[in-house]
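Numbers for residues simply follow the sequence, beginning at 1. Whatever order the structure lists ligands and atoms in, that order sets their numbers, starting from 1.
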Amino acid sequence: MASNSQSNNQMKVVTGEFGYVLQDVPHLTDYIPDLPTYPNPLRSNPAYSVVKQYFVDMDDSVPQKIVVHKDTPRGVHFRRAGPREKVYFASDEVLACIVTCGGLCPGLNTVIREIVHSLDYMYGVNKVLGIDGGYRGFYSKNTITLTPKVVNDIHKRGGTILGTSRGGHDTMKIVDSIQDRGINQVYIIGGDGTQKGASVIYEEIRKRGLKVAVAGIPKTIDNDIPVIDKSFGFDTAVEEAQRAINAAHVEAESAENGLGVVKLMGRYCGFIAMYATLASRDVDCCLIPESPFYLEGKGGLYEYVEKTLKEIGHMVIVIAEGAGQELLTAKDERDASGNKILQDVGLWISQKIKEHFSKQNKILTLKYIDPTYMIRAIPSNASDNVYCTLLAQSAVHGAMAGFTGFISGLVNGRHTMIPFNRITEQQNKVVITDRMWARLLSSTNQPSFLGPKVIEEAKKEVEPPTQLLDDGGNLGNGNLGNTNTVTGMK
Ligand SMILES: Nc1ncnc2c1ncn2[C@@H]1O[C@H](COP(=O)(O)OP(=O)(O)OP(=O)(O)O)[C@@H](O)[C@H]1O
Ligand SMILES: O=P(O)(O)OC[C@H]1O[C@](O)(CO)[C@@H](O)[C@@H]1O
Ligand SMILES: [Mg+2]
C-alpha cells in the first residue's frame with residue numbers, strides 16, 4: 001500500500017498501485033494512541049483453533065467492482081471483516097449495548113441474538129445492555145440486560161425485542177448516556193436514518209476522545225442502503241410478498257375481468273416490488289417510484305389494463321408505496337424522523353381504475369391487497385438468518401479489533417467494514433436505465449411509460465452502487481469524498 005491520506009470529510013483513504021483505493025474505516029488508535037492490545041481469545045477457542053488461517057490478514061480488502069476490463073484501475077476496496085490476531089479490549093473490560101431504530105425488518109432479533117452470542121461465546125464478554133425503544137431509550141428509559149439465555153429463542157420472532165422508534169436522536173444526550181454508563185461498544189441496528197445518527201454519535205465520541213467502538217448493522221427491507229449487496233430482511237420480504245401476489249392472482253383469475261392490486265413497501269425505491277415481480281411471474285405490471293407512469297392516453301396504464309384484460313381476462317399490478325406519488329395531491333406530512341408520510345397509492349390507483357371502467361360501463365372485479373406491515377413483521381427466513389448471523393459476527397470482530405465508525409456489510413459476497421459516510425451520502429435506487437429493470441419490463445411485457453426525454457434524463461443521473469443492480473460498480477477516480485460512480489459495461 002503506497003500512501004495514506006485523510007480526505008476532507010474524514011474518510012480514511014489508502015492508495016496503492018494500479019489505481020488501488022482502500023476506503024478504510026476509523027480505528028480507536030487514530031485518536032487514542034498507545035492503546036494496549038491483547039491476544040484474540042479465539043486462539044484458544046476449540047471451535048476456531050482448528051481453522052486454518054482463521055485470522056484475517058491486516059491487508060485483506062474486497063473490491064467494490066468485480067466486473068473489470070484488462071486496463072481498468074483496481075478501484076475502490078473495503079477492509080475485509082473478520083477476527084484479527086490482536087484485540088483492543090480485554091473481555092472483562094467490555095460493556096456493550098445494542099439499539100434498534102427505524103421501521104421493523106425481518107431479522108432484527110437474529111442480529112441482536114448473534115451479537116450477544118458472539119460477544120459471549122467468542123470473546124468472553126458477558127456484559128451486554130439492550131437500549132429500550134430506539135435512540136431516545138439511551139436517555140429516557142432503563143436498559144435491558146441481555147444474556148445468551150435471554151436472547152436464545154428470539155430469532156424465531158418478528159419485530160425487535162428491544163423496541164424501536166423514529167425521531168428522538170439527541171446526540172449529546174445519547175453520548176452522555178454512553179459515557180455515564182461506561183459503555184465502550186455500541187451496536188446500532190437500523191436503516192439509512194439510523195446510520196446517519198450512528199455517524200454523528202461516532203463523531204461526538206471521537207471528539208470526546210472516548211475509547212468506545214461504534215458499529216452499525218444496516219437494516220432496511222426497502223434495500224435503500226448503497227454499496228452493500230443487499231440488506232438483511234430483503235429476501236424474506238420478497239418471499240413473503242409472493243403470498244400476497246399469489247392471492248391477488250387467484251382472486252383475479254377467478255373473476256370476470258379480474259384485477260388484483262398489491263401494494264408493497266418501498267418509500268423511495270422499488271426493489272421489493274421489482275424482485276417480487278421477477279420472482280412471481282404472475283405480475284403483469286410493476287410500478288415503482290423510480291419509473292414515473294401515467295394513466296390516460298397512448299402507452300398509459302388504462303390502455304395497458306384494458307388490453308391485458310381483453311387478451312388474458314385477468315391481471316395483477318404490483319405497486320411500490322412510493323410510486324406515482326407525484327400524481328396524488330401532495331400533503332407535506334413528515335414522521336418523527338423527518339421522512340415524508342406517503343399517501344396510499346394502492347388505494348388511489350384502485351379507485352382510479354375502477355372509475356375508468358365504470359365510466360365506460362365495463363365490468364371490472366378489482367381486489368386491493370395491502371400486505372405491507374405483514375411482510376415486515378415476520379421472522380427472517382433461513383437465508384436471512386444466516387446473513388444476519390454473519391453480519392453480527394463481523395460487527396463484533398470489528399469492534400473487538402478496535403475498529404469504529406463502520407457498518408458491517410456484504411460486498412460481492414464478502415463481509416466487509418464500510419465507513420459510515422459511504423452509505424449515508426446517498427440512497428440506493430433502482431436504475432431504470434439498467435439491465436435489471438429492462439429484464440423486468442421484458443418479463444411483464446408492460447409499457448415502460450417513458451418518453452425519450454425521460455430516458456435521457458435518467459441516463460444522466462448518477463448510478464448508485466448496489467449489487468442488486470446489474471452493474472453497480474464504483475471506481476474511485478480521485479474524488480473520494482463523494483460517490484463517483486463510473487458507469488461501466490451494460
Ligand atoms: N440525519 C440524521 N441525523 C441523526 N439522526 C438521524 C438522522 N436521520 C434519522 N435519524 C435518527 O435515526 C432513527 C431512525 O431513522 P428513520 O426513522 O429515518 O429510520 P431508518 O433508520 O432510515 O429506517 P427505515 O427507514 O428503514 O425504517 C431515528 O431515531 C432518527 O431520529
Ligand atoms: O409506518 P412506519 O413504521 O413509519 O414505516 C413505514 C416505512 O417503513 C419502511 O418499511 C422502511 O422501513 C418503508 O418502506 C415504509 O414507508
Ligand atoms: Mg430510512
Y294 and E296: side chain donor to acceptor below 3.5 Å: no
for atom 9 (C) of ligand 2, nearest protein heavy atom and its distance come out as R376 NH1, 3.6 Å
Do Y135 and ligand 1 have an N or O pair less than 3.5 Å apart? no
Could you pull out, from G167, A198, G134, the option with a heavy atom nearest to atom 29 (O) of ligand 1? G167
Interfacing atoms of ligand 2 (cut-off 4.0 Å, heavy-atom, G266): 14 (O)
Give the atoms of ligand 1, by number and element, whose distance to some non-hydrogen atom of G191 is under 4.0 Å. 20 (P), 21 (O), 22 (O), 23 (O)
Is there a side-chain contact between I375 and M265, using heavy atoms and a 4.5 Å cut-off? no
Residue D224, metal the Mg ion (ligand 3), N/O/S under 2.8 Å: no
At a 4.0 Å threshold, what atoms of ligand 1 neighbour a non-hydrogen atom of R267? 25 (O)
For residues Y123 and F89, establish whether the separation of their ring centroids is below 6.0 Å. no
Using side-chain contact (heavy atoms from CB on, under 4.5 Å) as the criterion, point out the one residue from I418, I189, I407 that pairs with P218. I407
Take every heavy atom of G102, measure it against each atom of ligand 2, and state whether any distance is under 4.0 Å. no
Indicate, as side chain, backbone, both or neither, the part of T171 found under 4.0 angstrom from ligand 1 when only non-hydrogen atoms are considered. neither
Among the N, O or S atoms of D192, the one nearest the Mg ion (ligand 3): OD1
Ligand-side contact atoms (ligand 1) for residue partner T194, heavy atom cut-off under 4.0 Å: 12 (O), 13 (C), 14 (C), 15 (O), 20 (P), 21 (O)
Where is the nearest protein heavy atom to atom 4 (O) of ligand 2: which residue, which atom, and how far? R166 NE, 3.0 Å
Please report which non-hydrogen protein atom sits nearest to atom 27 (O) of ligand 1, along with the residue it belongs to and the distance in Å to one decimal place. G103 N, 2.7 Å
Just checking, is any N or O donor in the side chain of T308 or D284 under 3.5 Å from an acceptor N or O on the other one? no
Sub-4.0 Å heavy-atom approach of D222 to ligand 2: yes
When distances are taken from atom 10 (O) of ligand 2, the protein heavy atom at minimum range is M265 SD, 2.9 Å
Quick one: do the D192 and Y268 side chains pair a donor with an acceptor below 3.5 Å? no
How far is atom 7 (C) of ligand 2 from its nearest protein heavy atom, and which residue and atom name does that atom have? R267 NH2, 3.2 Å
Test I112 against every option in I154, V99, V150 by the side-chain contact (heavy atoms from CB on, under 4.5 Å) rule and name the one that passes. I154
For E321, atoms of ligand 2 separated by under 4.0 Å from a heavy atom: 13 (C), 14 (O), 15 (C), 16 (O)
For the pair Y187 and L119, evaluate side chain to side chain contact (heavy atoms under 4.5 Å, CB included) and give the outcome as yes or no after the intermediate values. CA-CA 11 Å; Y187 296 93; L119 281 167; 3.8 Å; yes
Atoms in ligand 1 flagged as close to G193, the criterion being non-hydrogen separation under 4.0 Å: 6 (C), 7 (C), 8 (N), 9 (C), 10 (N), 11 (C), 12 (O), 15 (O), 18 (O), 20 (P), 21 (O), 22 (O)
In this structure, atom 1 (O) of ligand 2 is nearest to the protein heavy atom Y373 OH, 2.4 Å
Please check if any side-chain donor atom of D370 sits under 3.5 Å from a side-chain acceptor atom of T372, or the reverse. yes
Does the pair K211 and L28 meet the rule for a side chain to side chain contact (heavy atoms under 4.5 Å, CB included), with working shown? CA-CA 7 Å; K211 186 190 172 188; L28 292 171; 4.0 Å; yes
For atom 24 (P) of ligand 1, which candidate among H169, K219, R136 provides the closest heavy atom? K219
Evaluating non-hydrogen atoms only, which member of N339, I201, T424 is closest to atom 18 (O) of ligand 1? N339
Could you check if a side-chain atom of H77 sits within less than 4.5 angstrom of a side-chain atom of P63, using non-hydrogen atoms only? yes
